[in-house]
Protein chains: 2
Amino acid sequence: MNVDDTIETRVLSAADALFYQYGVQSVGMDRIRDASGVSLKKIYQCFPSKGALVEAYLRRRDRWARTALEERVADHTDPESRVLAVFDWLYDWVDGPDFHGCAFINAFGELGAGSQGVVEAVREHKSAVRTFLRGLAFETGATDPDWLASQLSVLLDGAMSNASISDSPAPARHARSAARTLLHDAAVAADAPAESAAGPEEPPAGHEEPAAGPREPASTAPGG
Amino acid sequence: MNVDDTIETRVLSAADALFYQYGVQSVGMDRIRDASGVSLKKIYQCFPSKGALVEAYLRRRDRWARTALEERVADHTDPESRVLAVFDWLYDWVDGPDFHGCAFINAFGELGAGSQGVVEAVREHKSAVRTFLRGLAFETGATDPDWLASQLSVLLDGAMSNASISDSPAPARHARSAARTLLHDAAVAADAPAESAAGPEEPPAGHEEPAAGPREPASTAPGG
DNA sequence: CGGAATCGAGAACGAGCGTTCTCGCGTCCG
DNA sequence: CGGACGCGAGAACGCTCGTTCTCGATTCCG
């Protein structure tokens with residue numbers, strides 16, 4: 001169907017579908033051969049090892065997600081709508097039949113402590129998304145676009161995990177409404193920086209430190 | 001050292017440390033035998049298969065996280081402080097040297113589509129945490145404690161993922177500040193339900209629907 | 001003391017996987 | 001026409017892993 005129907009593309013498409021649905025370690029090269037119709041010999045000519053194929057899979061996902069995000073955001077001009085468009089895109093993706101969580105979070109959890117290339121690809125993707133969010137946050141005139149972008153990034157990842165586990169798109173809505181509240185709060189703080197809306201003990205600027213208690217979870221953790 | 005030093009406990013402790021740090025599929029039973037000092041024969045007497053050991057590991061993590069959360073929250077009486085204590089606990093955990101993300105998200109991503117027991121354990125844990133959050137949200141007098149609890153759950157999971165990937169405890173702070181904003185917003189909405197603080201087009205109650213665009217991500221997705 | 005049960009260490013077994021090699025078969029250039 | 005090359009299908013190899021079996025050694029109870 002596609003004009004770009006090279007061997008590399010066919011292998012990558014099959015690997016993407018299988019890796020994303022079943023996980024990397026559960027999918028063998030023979031399954032990729034069966035799904036792509038490309039012999040093992042040619043697969044290993046394009047990708048010298050399974051690890052290289054995994055990294056190419058992640059880079060492909062990164063390109064896809066970034067362009068999809070940018071296209072979806074480009075439909076809006078209002079800064080708030082542009083931010084919320086991210087979460088609308090998330091909803092549509094999460095609501096689709098073949099959503100299985102964030103491929104990068106999954107790959108990191110599965111192979112994190114053992115594959116340098118995977119760690120790099122995951123970090124690159126997440127930091128690219130956050131950079132993109134930072135630009136959107138800056139457009140809204142938020143007082144601290146970096147902080148707001150980090151919060152939005154937390155919402156994005158959390159919504160993907162929650163949606164995958166609960167098998168429901170509702171977390172995308174929860175994240176969207178939370179994002180809207182954060183946007184309004186940042187805008188309110190930018191309009192009236194002298195005082196926040198509520199809270200009897202509130203430093204006017206900056207984000208206060210967490211009160212680090214004496215507990216050390218590692219000592220009582222099961223992993224200790 | 002521990003009084004409860006049964007064979008089962010020693011096996012579970014070793015399995016917990018290894019599964020959590022390296023992932024389930026990357027750890028073989030021989031490594032658990034070496035780490036626990038319990039022979040394979042006795043391990044298989046306690047746990048009839050590796051899958052059973054994995055499920056016991058997840059249940060143990062569930063008990064640990066729930067009791068740690070409850071203890072930490074019990075130190076506070078103010079409803080807002082009780083909610084924020086959850087994120088302070090998260091910060092301490094995430095900041096520890098042996099934090100490797102959420103064991104349940106990791107296990108689900110790794111084994112999700114293939115192990116019924118794992119899926120059940122993960123869903124039980126996540127729904128238990130959300131029930132706990134719902135109780136805290138109810139105490140704050142929020143208009144929609146269910147919705148607020150879902151938002152907090154998204155923040156929790158997102159902060160764990162972000163912290164694990166970025167290898168930094170900062171996402172816990174981002175989540176905490178976002179949680180505080182959401183709390184204040186919910187309280188404001190409860191105090192003055194007629195009108196929200198900002199936004200020219202705002203339904204006063206309920207959470208609006210996302211504008212589902214004509215795009216279908218599955219068609220342009222790499223997995224399609 | 002004696003036999004029976006238990007135990008730990010490790011071999012064994014079967015399966016799966018990543019990667020490479022073999023072997024026919026078709027194809028293309030001289 | 002002919003030989004060298006490329007190709008796909010699949011076997012083969014080496015490794016790992018989950019699970020079970022073997023085999024001495026130890027221990028426990030009558």
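Letters go in sequence order (proteins before strands), and every chain restarts at 1.
- Between the P atom of C/dG18 and the CZ atom of A/R31 lies a distance of 11 Å, rounded to the nearest Å.
- Distance, B/D30 CG to D/dT16 P: 10 Å, rounded to whole Å.
- Judged by the 6.0 Å and 45° rule, A/R61 forms no cation-pi pair with A/F19.
- Going from atom OH of A/Y44 over to atom P of C/dG18 covers 6 Å, rounded to whole Å.
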Pairwise N/O distances under 3.5 Å, protein to nucleotides 4-11 of chain D:
residue, atom, partner, partner atom, Å
D/dG8, OP2, A/S39, OG, 3.0
D/dG8, O6, A/K41, NZ, 2.7

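- B/E139 is linked by a side chain to side chain donor-acceptor pair (under 3.5 Å) to B/R82, counting only residues two or more places apart in sequence or in another chain.
- When the side chain to side chain donor-acceptor pair (under 3.5 Å) test is applied to A/H174, no partner is found at least two apart in sequence or on another chain.
- Nearest heavy-atom pair, A/A179 versus A/L152, reported as atom, atom and distance to 0.1 Å: CB-CD2, 3.7 Å.
- Taking atom CD of residue A/Q25 and atom P of nucleotide D/dG18, one finds them 11 Å apart after rounding to whole Å.
- Considering only residues two or more places apart in sequence or on other chains, B/A128 meets the side chain to side chain contact (heavy atoms under 4.5 Å, CB included) condition with B/R66.
- A straight line from CD1 of A/I32 to P of C/dT19 spans 11 Å, rounded to a whole angstrom.
- Side-chain atoms of A/K126 and B/S161, non-hydrogen and from C-beta on, never get closer than 4.5 Å to each other.
- Below 30°, between 30° and 60°, or above 60°: for A/W89 and A/W64 the angle between ring planes is between 30° and 60°, a tilted geometry.
- Within residues 49-57 of chain B, the residues having any heavy atom closer than 4.0 Å to DNA chain D are, in order of number, B/S49, B/K50.
- The side-chain hydrogen bond (donor to acceptor under 3.5 Å, both in side chains) contacts involving residues 32-50 of chain A comprise nothing, where partners must be two or more places apart or lie in separate chains.
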